[in-house]
2 protein chains.
Amino acid sequence: MARTQGSHSDITGPRIRKAALHLFARYGYAAVSMRQIAAEVGVQAGALYNYTPDKQSLLYRLMRDHMEELLAAQKALPSQDCALDALRQFVGFHIRFHMQRPEEVFIAYMELRNLTPENFAEIEALRRDYEDALQGILVAGQAEGVFALQDAKIATLAVIAMLNGVMTWYRAGGRLSLDQVERIYWDMVRKAVAA
Amino acid sequence: MARTQGSHSDITGPRIRKAALHLFARYGYAAVSMRQIAAEVGVQAGALYNYTPDKQSLLYRLMRDHMEELLAAQKALPSQDCALDALRQFVGFHIRFHMQRPEEVFIAYMELRNLTPENFAEIEALRRDYEDALQGILVAGQAEGVFALQDAKIATLAVIAMLNGVMTWYRAGGRLSLDQVERIYWDMVRKAVAA
DNA sequence: GTCTATAAGCTGATAGAC
DNA sequence: GTCTATCAGCTTATAGAC
């Protein structure tokens, strides 16, 4: 990957973020050096600082971009006539969106503690926005009488935790197709919150 | 915490592991140095190597001790007459055991990738033993006709993922008591696997 | 925009004095 | 069993040549 001198501002930036994404996901933010990232891209370490002020900003940008994409995609979902349909849609969306970005998802919740307090607060706010979308569905379902929950906030966190569990074991080409996984989880979520 | 010379083999070892536990849980294995651990204990860095051959072994021992305690406690649970009672007991046990050891639990699943392949395989085997205990309950319940699951293995992982979610938000002295938390989760788990 | 060279400091681990 | 001193190598980030 060693390269000679030249000007590549358009492509080096994305390549740096992609290399950081792979390496952070695999070895963890703290265990990865700027030199490793540079080597993966094929530049010297000093060149990275034309694209990021420091290592922390690299991590923050990866996490912020991911959370903003997640929120934008969730907000773009078609509205549904009833809470049950909305929940089914949310479960399917959540599983598929996260399965398509396993590295971003892994980083987004493994590396929270490596953010500065300021950056952490911003990522947390985005995460709460996303949780609130699900909580809104659950509360609406309670009002409709189709869901029965002892505590809507905990139910929200429990559903997300259950769905995120997929990431720890699912591998494309394994025993189950994505459609099957989606059906299995939907069955459990539906029953868990049912009246 | 600075100390003068002396012989303390009986207490220094546990103190080192406790310091490593706190620091690894807070900052992550890769971000914590042997000097930081030594400073927390009140010895010089070189002294640590009387108790551990290296940093990796310190992490491995913390994780192995935790998993073995978890398995021993789970195996010591009184046997139940029916799968529903066994599942209720398992849910209560899991929540309470994990809430009492938030740092060990956090390390046990955040630092898996920092284990050597050999150590990782051993911890994974213990984790699988624990999952198998829950899976046995779910399969027994299916045979009894009280549970209905599309896939027992995924249901096992989903229930554990949901319960582990407690760790991310529960704080002692918060809005809910441990008993309430237990009841809320039991309600959702029970319904999720119900026939 | 990338390079080389460097600053200033930290890392895990070891050797030998006491 | 703990200390001090040390090794060899790594770290993030910057300065200045090209």
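The structure displayed is predicted, hence computed values, not measured ones. Just so it is clear, the values below take in all heavy atoms, side chains as well, and ignore hydrogens, waters and symmetry mates. A, B, ... follow the sequence lines: proteins, then strands. Residue 1 opens every chain.
A straight line from CG of B/Leu23 to P of C/dG12 spans 12 Å, rounded to a whole angstrom. Per the geometry, OH belonging to A/Tyr49 stands 4 Å off P belonging to D/dA13, to the nearest Å. Look at CD1 on B/Ile37: it is 15 Å from C1' on C/dC10, rounded to the nearest Å. The distance from atom CG of A/Leu48 to atom P of D/dA13 is 10 Å, rounded to the nearest whole Å.
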key: Criterion side-chain hydrogen bond (donor to acceptor under 3.5 Å, both in side chains) on B/Gln36 and B/Tyr27, from CA distance to verdict   = CA-CA 11 Å; B/Gln36 277 177 274; B/Tyr27 302 107; over 6 Å; no

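For C/dG1, neither phosphate oxygen OP1 nor OP2 lies less than 4.0 angstrom from any side-chain nitrogen or oxygen of A/Thr12. Between D/dT4 and B/Gln44, a contact under 4.0 Å exists linking OP1 or OP2 to a side-chain N or O.
Note on A/Glu131 versus A/Lys153: salt bridge recorded, some NZ/NE/NH1/NH2 to OD/OE distance being below 4.0 Å. Look at A/Arg113 and B/Glu111 and you find a salt bridge, because one of the NZ, NE, NH1 or NH2 atoms lies within 4.0 Å of a carboxylate O, short of that distance. Ion pairing of A/Glu182 with A/Arg96 is present here, as a side-chain N (NZ or NE/NH1/NH2) and a carboxylate O approach within less than 4.0 Å.
As a member of the Ile/Leu/Val/Met/Phe/Trp/Tyr network built from side-chain separations under 4.5 Å, A/Met110 groups with A/Phe106, A/Tyr109, B/Phe106, B/Tyr109, B/Met110.
No side-chain donor-acceptor contact under 3.5 Å links B/Glu144 to the backbone of B/Cys82.
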Extract from the structure each pairing of a protein N or O with an N or O of nucleotides 9-11 of chain D at less than 3.5 Å, listing the distance.
residue: D/dT11; atom: OP1; partner: A/Ser33; partner atom: OG; Å: 2.9

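In this pair, A/Tyr29 and A/Phe24 present their aromatic rings perpendicular. The plane angle is above 60°, beyond the 30 to 60° band.
At a non-hydrogen distance threshold of 4.0 Å, nothing from residues 56-64 of chain B comes into contact with DNA chain C.
In this structure, of D/dC3, D/dA13, D/dG1, it is D/dG1 that holds the atom nearest to the side chain of B/Tyr51.
Using modelled atom types, one finds a donor on one side chain and an acceptor on the other under 3.5 Å when comparing B/Tyr130 with B/His94.
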